[in-house]
K.L.:
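Supplied in structure tokens, the structure appears directly below.
Convention: sequence-line order gives letters A, B, ...; per-chain numbering from 1.
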Protein chains: 2
Amino acid sequence: MAIFSKTCEYGIRAVFFIAHKTANGNRIGIKEIANGISSPEPFLAKILQDLSRKGIIQSFKGPHGGFYLDESSLSRPLSDIVEAVDGDSLFKDCGLGLKACSEINPCPLHNQFKEIRNNIYKMLNSTTIGAFNNELLTGIFSLKK
Amino acid sequence: MAIFSKTCEYGIRAVFFIAHKTANGNRIGIKEIANGISSPEPFLAKILQDLSRKGIIQSFKGPHGGFYLDESSLSRPLSDIVEAVDGDSLFKDCGLGLKACSEINPCPLHNQFKEIRNNIYKMLNSTTIGAFNNELLTGIFSLKK
DNA sequence: AGATAAAAAGGTATTAATATCATTTTAAAT
DNA sequence: ATTTAAAATGATATTAATACCTTTTTATCT
Ligand code: FES
Ligand code: FES
């Protein structure tokens, strides 16, 4: 099992891609995004639609339309995307699947999982969507394949 | 998304349960295990069958048969269960779903994920199946609901 | 040997995740 | 106004995860 769902993986990669491609105020179409992050286009369309409805990204219909990010979207933490797509179970649920994770009825790995979950959350919450725009432009980081 | 698949969650909980219930040399039946960890019995049967085939747990057919753990099984790390059930993708794969995680073609979160994956692996690899037998007997930890 | 109790094996059912397709709405350009 | 380019919507298809059921094999006990 991966940490995130496919939906979430594509979502994060797409948002990074949109961020660095529209930093200049342009918009970008679904085809170019799907191609840029090696994702199935119709599936990605659904994902971006959903992120747009939830206000994580912005979109504009019609000719010269496309997806983009406004200032406040660029400074959102990645944890917002994850919560919007996969929910908060990664940050809150018991790692061994107990109905509720709590100090009252803890599983044997409760303390260990608590720390791991916190690390994941801290990392995602302290990283913004726009954080890698420069590195993506210079090609240090990849979103493809 | 949870960290582990349901299969893996049930598997780990079941193995903990078997460990502390058979520390005295007894065997334990599928019904009692399923009940002890609140899992669907036929599904758990499949999982334990698989773990038994892979040598993670031991089983014995016929009357007074059941599942149990030998000495060497008790000292196995949890990472062995996870690898047997969910594979090693949690420890190796790119968090953003790139085909290969590598220093050559890293995703923007490569270094962050590397650390998180290492933490998870270290935790699972340094915890043995038998580690919580005492706490489970005294009821400090729970495997149910 | 026959009856019984247990896991193993194999097959089926259901549900959720992933992926695709066809149609509609929106806005711009002519 | 008409055409066109784009996302939004709604419907469908495929695949994988989860759950369940039936039959078979194995070992024990009488
Ligand atoms: S109870 Fe399992 S992680 Fe808290
Ligand atoms: S390339 Fe993404 S985690 Fe290494």
K.L.:
Could you state the NZ-P distance from A:K46 to D:dA8, rounded to the nearest angstrom?
P.N.:
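After rounding, the reported distance stands at 10 Å.
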K.L.:
side-chain contact (heavy atoms from CB on, under 4.5 Å) with A:N111: which residues, sequence neighbours excluded?
P.N.:
A:K114
K.L.:
Evaluate whether atom NZ of A:K31 has more than 12 neighbouring non-hydrogen atoms of other residues, nucleotides or ligands under 6.0 angstrom away.
P.N.:
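No - once you tally the heavy atoms of other residues, nucleotides and ligands closer than 6.0 Å, there are 12 at most.
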K.L.:
Measure from CZ on A:F43 to P on D:dA13 and round the result to the nearest Å.
P.N.:
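Nearest whole value for this atom pair: 18 Å.
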K.L.:
Can you measure B:Q49 atom CD to D:dT22 atom C1' for me and round it to whole angstrom units?
P.N.:
13 Å
K.L.:
With a 4.0 Å cut-off on heavy atoms, is A:P42 in touch with a base, just the backbone sugar-phosphate, or nothing at all?
P.N.:
base
K.L.:
First and last nucleotide of DNA chain C in contact with chain A, 5' to 3', at under 4.0 Å to a heavy atom: what are they?
P.N.:
C:dT18 to C:dA29
K.L.:
With the threshold set at under 4.0 Å for non-hydrogen atoms, list the residues of residues 55-67 of chain A touching DNA chain C in residue-number order.
P.N.:
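Going residue by residue through residues 55-67 of chain A, the ones with a heavy atom under 4.0 Å of DNA chain C turn out to be A:F60, A:K61, A:G62, A:P63, A:H64.
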K.L.:
Counting only heavy atoms from other residues, nucleotides and ligands, does the tally under 6.0 Å from CD of A:E41 exceed 12?
P.N.:
yes
K.L.:
Does atom NZ (B:K99) have a neighbourhood of more than 12 heavy atoms from anything else shown, all under 6.0 Å?
P.N.:
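Counting neighbours around NZ of B:K99, 12 or fewer heavy atoms of other residues, nucleotides or ligands fall under 6.0 Å, so no.
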K.L.:
To the nearest Å, how far apart are A:L44 CG and D:dA8 P?
P.N.:
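In whole Å, D:dA8 P and A:L44 CG are 11 Å from each other.
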K.L.:
Rounded to whole Å, please give me the gap between NZ in A:K31 and C1' in D:dA8.
P.N.:
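So the NZ-C1' distance, A:K31 to D:dA8, works out to 15 Å.
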K.L.:
Can the ring centres of B:F16 and B:F132 be said to be less than 6.0 Å apart?
P.N.:
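Here the rings of B:F132 and B:F16 have centres that are less than 6.0 Å from each other.
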K.L.:
Among residues two or more places apart or on two chains, list those pairs meeting side-chain hydrogen bond (donor to acceptor under 3.5 Å, both in side chains) that have a residue in residues 132-143 of chain B.
P.N.:
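Listed by first then second residue: A:N105-B:S142.
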K.L.:
So B:L48, base contact, sugar-phosphate only, or nothing? Heavy-atom distance under 4.0 Å.
P.N.:
nothing
K.L.:
Answer yes or no for A:R117 and A:F91: cation-pi contact, defined as NZ/CZ to six-membered ring centre under 6.0 Å and angle to ring axis within 45°.
P.N.:
no
K.L.:
Taking atom C1' of D:dC21 as reference, at what distance in whole Å does atom CD1 of B:I30 sit?
P.N.:
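Spelled out: CD1 on B:I30 to C1' on D:dC21 is 14 Å.
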K.L.:
Go through A:Q58 and A:S52 one step at a time and tell me if the side chain to side chain donor-acceptor pair (under 3.5 Å) criterion holds.
P.N.:
CA-CA 5 Å; A:Q58 284 67 52; A:S52 169; over 6 Å; no
K.L.:
Rounding to a whole Å, what distance do you find between A:I33:CD1 and D:dA8:P?
P.N.:
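A:I33 atom CD1 is separated from D:dA8 atom P by 10 Å.
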K.L.:
Short of 4.0 Å, heavy atom to strand atom, which residues of residues 7-25 of chain B count as contacting DNA chain C?
P.N.:
none
K.L.:
Over all heavy atoms of both residues, which pair between A:N26 and A:Y68 is shortest? Give the atoms and the distance, please.
P.N.:
O-CB, 3.7 Å
K.L.:
Who pairs with B:K61 by salt bridge (charged side-chain N to carboxylate O under 4.0 Å, His left out), at least two apart in sequence or on another chain?
P.N.:
none
K.L.:
Any base atoms under 4.0 Å from B:R53, or only sugar-phosphate, or nothing? Heavy atoms, all strands.
P.N.:
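Since only primed, P, OP1 and OP2 atoms lie under 4.0 Å of B:R53, the category is sugar-phosphate.
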K.L.:
Please confirm whether the ring centroid of B:F17 lies under 6.0 Å from the ring centroid of B:H20.
P.N.:
yes
